[in-house]
Amino acid sequence: MLDRRSDRTSKPGIRAAIYVRVSTGRQAESDLSIPDQLRQTRAYCEARGWQVTAEFVEAGASGMDENRAELQRMLDIGTYGDAPFDYVVVHSFSRFFRDHFAFEFNLRRLRKHGIELVSITQEVSDDPMGEMVRTIMAIFDEHQSRENAKHTLRAMNENARQGYWNGSTAPYGYRTVVVEQRGDKAKKRLTIDVVEAEVVRMIYRLLQHGDGVNGPIGVKMVVKWLNEHGHRTRKGKPWGIGPLHRIVTRETYKGTHYFNLRHWKTKKRKPEDE
């Protein structure tokens, strides 16, 4: 297969930008870590005599999400004025995107400014056959990502059904404790935090019955009362209406906890049965 990049890659002064990504902290530790990706992509460029002019590191971001900070910074730099690099080098095409449409759109966006995308583990030619192979890879990456998401959610649902905590920060008034170890996975449950729980009870008493001098008071007055009496949030900051409102509207405090409330991409609230 002929590679239209062959003449370009043989010229001196080729400049490359490296883009690396992992989806989660767990992946960074157990899968292909950022240091590994950087080491391999740097070695790839060095072997070809390419000058690495920029490195973009994306930790904890999904390949289905187009609004990644480092990705957008790289795209903006590459497509504004004179591009400071000729190639974007990734470990695999899935590090760039796991959404086929977004992959093709942004690949063409780079190409309009004379920039090519290179995967060090999936090198393909630039002829029609190579384009077809790359497209199939992108479609497969998207399919795999969606399947992984389904399996992950199924496992989280079963974890919740068994009464275990599905990660994230415990609500104010609670903390998590490890109750079981299954291999390298620690199973956690919620338990009451004695100090914070008393503040939660106080908040509800103020709203329902008042402070013993006045009758029931509203959210704004509760915030004022807590701050005047020296109470602070978990982070040591003064109370505000937002944090207080989340406490008084959260069903966790009456014994029913929901997870997976919002779609990760649109942030819209999901139906209750999901």
Side-chain angles (χ1 to χ4, degrees), residues 21-26 28 57-62 64-73 76 149 152-153 155-157 159-179 186-274:
R21 177 185 66 82
V22 291
S23 298
T24 63
R26 182 179 300 173
V57 177
E58 202 95 63
S62 169
M64 297 289 285
D65 185 5
E66 191 169 357
N67 296 317
R68 287 171 261 153
E70 285 297 282
L71 172 74
Q72 291 302 325
R73 189 165 75 88
D76 289 343
T152 298
L153 183 57
M156 291 176 71
N157 280 329
N159 196 59
R161 189 189 69 78
Q162 294 179 24
Y164 296 113
W165 181 250
N166 273 317
S168 73
T169 303
Y172 187 85
Y174 294 92
R175 58 187 175 87
T176 57
V177 292
V178 177
V179 295
K187 293 291 187 178
K188 299 179 180 181
R189 292 187 191 274
L190 278 186
T191 187
I192 292 175
D193 182 293
V194 178
V195 175
E196 292 184 356
E198 186 53 41
V199 177
V200 174
R201 296 187 185 101
M202 187 185 305
I203 289 170
Y204 278 93
R205 283 198 299 269
L206 290 168
L207 288 167
Q208 293 178 316
H209 307 293
D211 58 1
V213 177
N214 303 300
I217 57 178
V219 170
K220 288 184 179 179
M221 290 302 296
V222 171
V223 168
K224 182 180 179 182
W225 191 94
L226 290 173
N227 290 329
E228 287 179 347
H229 286 76
H231 295 287
R232 293 295 180 263
T233 66
R234 181 178 289 167
K235 294 182 179 180
K237 296 181 178 180
W239 283 93
I241 292 176
L244 194 76
H245 185 265
R246 284 192 290 273
I247 286 178
V248 300
T249 57
R250 192 164 191 169
E251 294 197 42
T252 307
Y253 298 105
K254 69 176 187 179
T256 304
H257 178 77
Y258 292 92
F259 80 100
N260 189 39
L261 289 175
R262 299 183 183 278
H263 190 278
W264 68 271
K265 192 171 185 178
T266 64
K267 308 302 179 185
K268 291 183 178 179
R269 192 175 180 90
K270 291 184 175 183
E272 192 169 296
D273 59 359
E274 293 186 25

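Computed over heavy atoms, backbone and side chain alike; hydrogens, waters and symmetry mates excluded.
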Notebook entry, point to check: Does the side chain of N166 come under 3.5 Å of the side chain of K188 through a donor N or O and an acceptor N or O?
Noted result: no
Notebook entry, point to check: Stepwise, does the side chain to side chain contact (heavy atoms under 4.5 Å, CB included) test hold for T191 with Y174?
Noted result: CA-CA 6 Å; T191 187; Y174 294 92; over 6 Å; no
Side chain of [X], backbone of [Y]: donor and acceptor closer than 3.5 Å?
X	Y	value
R175	A170	no
E58	V22	no
H245	I241	no

[X] versus [Y]: any side-chain heavy-atom pair under 4.5 Å?
X	Y	value
N159	W165	no
L226	M202	yes
R232	P238	yes
I217	D211	no

Where [X] and [Y] come nearest, the two heavy atoms and their spacing:
X	Y	answer
L207	G218	CD2-C, 4.0 Å
T252	P171	CG2-CG, 4.1 Å
V57	E70	O-CG, 3.1 Å
R250	Y204	O-OH, 4.5 Å
Q208	P216	O-CG, 3.1 Å

Check: Got a sec: does the NZ of K187 have more than 12 other heavy atoms crowding it under 6.0 Å?
Finding: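 Check passes, neighbour count above 12.
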Note to self: Using side chain to side chain contact (heavy atoms under 4.5 Å, CB included), reason through K220 and L244 one step at a time and then give a plain yes or no.
What the structure shows: CA-CA 9 Å; K220 288 184 179 179; L244 194 76; over 6 Å; no
Notebook entry, point to check: Taking the six-membered ring for Trp, is the centroid-to-centroid distance between W239 and Y172 below 6.0 Å?
Noted result: yes
Next item on the list: In sequence, state the C-alpha distance, the side-chain angles, and the governing distance for T176 and L190, and then conclude on side chain to side chain contact (heavy atoms under 4.5 Å, CB included).
Entry: CA-CA 5 Å; T176 57; L190 278 186; 3.9 Å; yes
Margin query: Check this for me: does any side-chain nitrogen of one of E196 and R201 sit under 4.0 Å from a carboxylate oxygen of the other?
Written below: no
